Amino acid sequence: MEIRLSTPAADTDLAALESLYLDAFPPEERRPWDAIVNPAEKGCPQLRAIYAGECLAGLVTTWTLGPVLYVEHLAVDPAMRGSGIGAAVMAALIADASPLALLLEVEPESDDNPMAARRIGFYRRCGLDILPYPYIQPPYAPGLPSVPLLLMSSGSDVDPAEATRLLHTKVYGV
């Protein structure tokens, strides 16, 4: 599957990406859309639209944080899931990030969340491993809960304590 990651091509694409973002992530796992489209710091986070050919297929937001490229959000249009787009995006991100390691957060496996195991399996097939480190995602905003998550990385030399520090200070501002 040939994909392209780029700045959204039109305002209509931005509106479609916002809708996908709001549908794909629960409130406790997302930042305000305006903070993605108009980040306080240039490029933090960086929003890229995913195009499969000329078709808008999804979105990815990333942060460059020292030794890692952090993937904050990745969502593929539900009608296009299962077509290899997500794997192609991950391969492109890993290649583009080199020599940085790719880093992301995932929900731990649980009986009441069967999608978590599928996501972990997907990221493992893409070359990421779970970092053996207790990790809690701070709240995105007052009134939202912290979320117990796992960190996964494409690099075996990623220091999970340093990755946590970078995420907490740069991404979550705590």
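On a predicted model such as this, the values are computed, not experimentally measured, just so you know.
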Side-chain donor-acceptor contact under 3.5 Å, Y140 with E28: no
Distance (rounded to the nearest 0.5 Å) between C55 SG and I50 CD1: 11.5 Å
Aromatic plane relationship, W33 with Y21 - under 30° parallel, 30 to 60° tilted, over 60° perpendicular: tilted
side-chain hydrogen bond (donor to acceptor under 3.5 Å, both in side chains) partner of E72, chosen from R30, Q46, R31: R31
Spatial distance of atom CZ (R119) from atom CG (L104) [nearest 0.5 Å]: 11.5 Å
Linked, directly or transitively: I94 and L151 (ILVMFWY side chains, under 4.5 Å): no
Joint hydrophobic cluster, Y123 plus L103, side-chain heavy atoms closer than 4.5 Å: no
CG on L22 to CD on E18, rounded to 0.5 Å: 5.0 Å
L69 side, atom CG; D96 side, atom CG - distance, nearest 0.5 Å: 8.5 Å
Shortest non-hydrogen contact from Y70 toward L65: CB-CD1, 3.9 Å
Ring geometry between H168 and Y172 (parallel below 30°, tilted from 30 to 60°, perpendicular above 60°): perpendicular
Rounded distance (nearest 0.5 Å) linking atom OG of S153 with atom CG of L100: 10.5 Å
Residue from N38, T7, L59 passing side-chain contact (heavy atoms from CB on, under 4.5 Å) with L47: L59
Distance-minimising heavy-atom pair for P108 and P148: CD-O, 3.4 Å
Heavy-atom pair of closest approach, residues P45 and A35: CD-O, 3.7 Å
Nearest-0.5 Å distance, CG of residue L150 to CD of residue Q137: 12.0 Å
L131 reachable from V68 in the ILVMFWY side-chain graph, under 4.5 Å edges: yes
